[in-house]
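Reading through the structure tokens given below for one structure.
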2 protein chains.
Amino acid sequence: MTLADQPPAAALVFQTLLVHGPLTRAEVGRRTGLSPGAVTKVATPLLTDGWITELGRPAVERAYGRPATLIAVRAERAHFVGVKVTGDELIGVLADLTAQPLATGRVALASRDVGTVVLAIARLVGELRAEAGAARKSGVHSIGVTISGEVDGQTGTVQYSPFLNWRRVPLAQLVETATGTPTLIENDVRALTVAEQWFGAGVGLPSFALVTVGAGIGCGISIGGRVVSGAHGVSGEVGHLPVGAARVCTCGNTGCVEAVASTHAITEQARQASGNPELTMDEAVRFAHAGDPAVRAVFSHAGHAMGLALASVANLIGPDRIIISGEGVASYDLYEDQIRQTFGAHAFGAAAECDLVVRPLPFEEWARGGAAFAAQRLFAPTK
Amino acid sequence: MTLADQPPAAALVFQTLLVHGPLTRAEVGRRTGLSPGAVTKVATPLLTDGWITELGRPAVERAYGRPATLIAVRAERAHFVGVKVTGDELIGVLADLTAQPLATGRVALASRDVGTVVLAIARLVGELRAEAGAARKSGVHSIGVTISGEVDGQTGTVQYSPFLNWRRVPLAQLVETATGTPTLIENDVRALTVAEQWFGAGVGLPSFALVTVGAGIGCGISIGGRVVSGAHGVSGEVGHLPVGAARVCTCGNTGCVEAVASTHAITEQARQASGNPELTMDEAVRFAHAGDPAVRAVFSHAGHAMGLALASVANLIGPDRIIISGEGVASYDLYEDQIRQTFGAHAFGAAAECDLVVRPLPFEEWARGGAAFAAQRLFAPTK
DNA sequence: CTTCCTTAGTTTCCTTTGGAAAAGTATGGT
DNA sequence: ACCATACTTTTCCAAAGGAAACTAAGGAAG
């Protein structure tokens, strides 16, 4: 039995359990607005088919009345592989229904040629399958491949990937035939946003934005439980918001956030500031922590640009929360203050009430986005 | 009978007719995905209660088969009053179900005191009622009051209005008791966006943004048939996006769009450029049309700032269309080219495919937004 | 210890909704 | 007159979920 051919209420109950952990049937009814009878009716087939399971009594028992029984999602009921494709490597995870990773892998790419990449993906999927013995029982339900750039999830086509220099590559189809497993593709930031929405800092929020800082600066937007995809596959391009920076950006314009606040931009500016053309990001962070004023100024400028960008997002769409995420967790403290200060100064009125959450983003998190995206298709059909 | 207690399919059929004009039942079925039987079933009570009406045969008859009968919304079935409150005047319309105005009115405000404004609104509503005799038959269903600033439609409270200097004013309740008619309030730009979504240039689009240029620069965002309201009542604040302008904005920051491209900013800059401290907007437009290079440059800068702002909107949310609207229709040609050029240069990838539509915005259009907003509550329940 | 009370979960019945299919209907063509 | 065609209506039916009665399980009161 698949989840798809269950009544609509089943998806509601399942999603509630997925997001809010083990609950009693009565509590599920209260949260979903379904009648108690409907919850039982819908839970029974989910139980018999192993999608959910009964746990014991809740931690806080009631003083009166019949004791309740907790029900919860059986995470091991289905497994997914998530693969993030970058310009020079693949990151993969094999995860369960709740996007918890069971196995992770990382492979360098010899070439950016489509055939090579597809083959590498297939091999990585195979390795992850082998590594995660537990998944052998139920197999892998589907694969979610994510990649930065313009991705058309409907047709499974990568319209344009700047890092790989791909155009109109039917990646989903290619991976599907290479692996024999149903494959979905999605933009990397949007997939990560899906992961945050269901299993991260965006759980239960009516709206939030996820801003990622790394080689580029990206943004995923979730409104009303849906991740905004944009009419032409473009959305969340926050990296080129004009923030009045003097540096020329890779996009050819001047003033983009990315020209000041991407990891690449920061190291380059730190090199100039320190006079050391070999400086690495890690060293720049050390220098700044040690109090080097020129290098600190670089981070401060980056923080200012980020603050402006976040304020723009908050002013425009008014999310409940903005999650700031990226590789350089170690350096957040260097510009977090500046970010918050600039954000506060430029967020308009009540938009300033939007809370800013900083969240580390380990490398495998990107791949988890793919798994979460694939999983979502299972329990949130066509939504 | 109200529309609300009809089955869900009724709202679907009604909305389809509202948006896509007279259609045959068969065509409604095709467009909504409902079966022919369901369309008839749902249309019958709507017909008997006068919400829709049968027209004659369609213009292009089919060669074979039973001729079809057109059905269409009976616009005169319900009437609404829309009132836009500004710092110094009220604009009101009495409109039908399709937000077509039957009567319009404009009243100067003697004071910004809450009591005075509420009284003036009540008097304006009375005048509009008297003027539109047709509405007497069915009365006015509800009033939609719109105002710039932070508005909480749920509680009917104006949280903060900078122009009127109001804070936490329960305006909906006040107007309701003063007029005896149910009253809704909403932010002016968002209400206008609702009007465009149902009856304007946003009809049928999965997503669009509406940017208004006037004393301030505002933006309404519609995604998936819903106007984005923002978690804290703030959204679409495009006026203070940083676009690197040198002028200081009213918000205290430097570089805001509004500091360069609002009508106020343009006249002020034109005064400096021409050396005439008495110059009006109309004169500035004439000068620019006559070829005055300094004044033309002012419009060009404004266009550049607008282009950057629109590109930011397009990059962030990827709408299908951006509708540019505002008072100064006469001056659009002066910076439209610059807007498009800057937009094209800064819109990222496929975001540039977003089409820009320029639309005049007569003064009563603002009030129509209120009427459309009130009407929407009737035919799009809870949506 | 028995009875009652309270809350959890189940079952039964029923209403609402909308689809499928067939019947009915209106028109032009043959 | 009859047929082809497509719109519209009617009839029948299945799915989904609510209401309420019912069962279950424990504590409290007597």
Side-chain angles (χ1 to χ4, degrees), chain A residues 1-17 20 22-49 52-72 381-383, chain B residues 1-17 20-48 52-72 381-383:
Chain A
M1 182 208 72
T2 62
L3 270 177
D5 47 39
Q6 293 296 118
L12 206 59
V13 167
F14 193 78
Q15 289 167 23
T16 307
L17 289 174
H20 296 111
L23 296 171
T24 68
R25 275 172 252 251
E27 184 57 28
V28 170
R30 279 188 289 265
R31 299 212 191 189
T32 57
L34 291 169
S35 67
V39 175
T40 293
K41 217 175 304 180
V42 119
T44 309
L46 291 179
L47 273 169
T48 63
D49 283 300
I52 61 176
T53 183
E54 288 194 324
L55 304 180
R57 302 263 170 273
V60 281
E61 296 231 13
R62 300 221 173 237
Y64 296 102
R66 169 180 174 173
T69 311
L70 289 172
I71 51 177
T382 64
K383 241 191 91 159
Chain B
M1 182 206 75
T2 61
L3 268 177
D5 47 39
Q6 292 297 118
L12 206 59
V13 167
F14 193 78
Q15 290 167 23
T16 308
L17 289 175
H20 296 110
L23 296 171
T24 68
R25 276 172 251 251
E27 184 58 28
V28 170
R30 280 187 288 266
R31 299 213 189 186
T32 56
L34 292 168
S35 68
V39 176
T40 292
K41 216 176 304 182
V42 118
T44 309
L46 291 178
L47 272 169
T48 62
I52 61 176
T53 182
E54 289 194 325
L55 304 180
R57 303 263 169 273
V60 282
E61 297 232 11
R62 298 220 174 237
Y64 296 102
R66 170 177 177 174
T69 310
L70 290 171
I71 50 177
T382 65
K383 241 192 93 154

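Hydrogens, waters and symmetry mates play no part in the numbers below; they use all other heavy atoms, side chains included. All values derive from a computational prediction rather than experimental measurement. Chain identifiers are assigned alphabetically (A, B, ...) following the order of the sequence lines, protein sequences preceding nucleic acid strands; residue numbering begins at 1 within each chain.
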Just how far, in rounded Å, is [atom2] of [N] from [atom1] of [X]?
X: B:Arg25; N: D:dT8; atom1: CZ; atom2: C1'; answer: 7 Å
X: A:Glu54; N: C:dA8; atom1: CD; atom2: P; answer: 15 Å
X: B:Asp5; N: C:dT15; atom1: CG; atom2: C1'; answer: 16 Å
X: A:Gln6; N: D:dA14; atom1: CD; atom2: C1'; answer: 16 Å

What distance do [X] atom [atom1] and [Y] atom [atom2] have between them, rounded to the nearest 0.5 Å?
X: A:Thr53; Y: A:Leu70; atom1: OG1; atom2: CG; answer: 11.0 Å
X: B:Leu47; Y: B:Ile71; atom1: CG; atom2: CD1; answer: 6.5 Å
X: A:Lys41; Y: A:Leu46; atom1: NZ; atom2: CG; answer: 14.0 Å
X: B:Thr24; Y: B:Leu55; atom1: OG1; atom2: CG; answer: 11.5 Å
X: A:Arg25; Y: A:Ile52; atom1: CZ; atom2: CD1; answer: 7.0 Å
X: B:Gln15; Y: B:Leu12; atom1: CD; atom2: CG; answer: 6.5 Å

Checklist entry - Just to confirm, is there a sub-4.0 Å distance from OP1 or OP2 of D:dC7 to any side-chain nitrogen or oxygen of B:Thr69? => result no
Next on the checklist: What contact category does B:Thr44 fall into here, base, sugar-phosphate, or nothing, at under 4.0 angstrom with non-hydrogen atoms?
Outcome noted: nothing
Item to check | Minimum-distance pair of heavy atoms, taken over all atoms of B:Thr40 and B:Thr44 | outcome: O-OG1, 2.7 Å
Item to check | Annotated protein contacts, base or backbone, on nucleotides 17-30 of chain D with a non-hydrogen cut-off under 4.0 Å, one of B, S, - each | outcome: BB-----BBSSS--
Next on the checklist: Do B:Val28 and B:Leu34 have side chains that approach each other closer than 4.5 Å (heavy atoms only, starting at C-beta)?
Outcome noted: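 Answer no - side chains too far apart.
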Checklist entry - To the nearest 10 degrees, what angle separates the axes at the start and end of the helix from C:dC1-D:dG30 to C:dT30-D:dA1, five pairs each? => result 30°
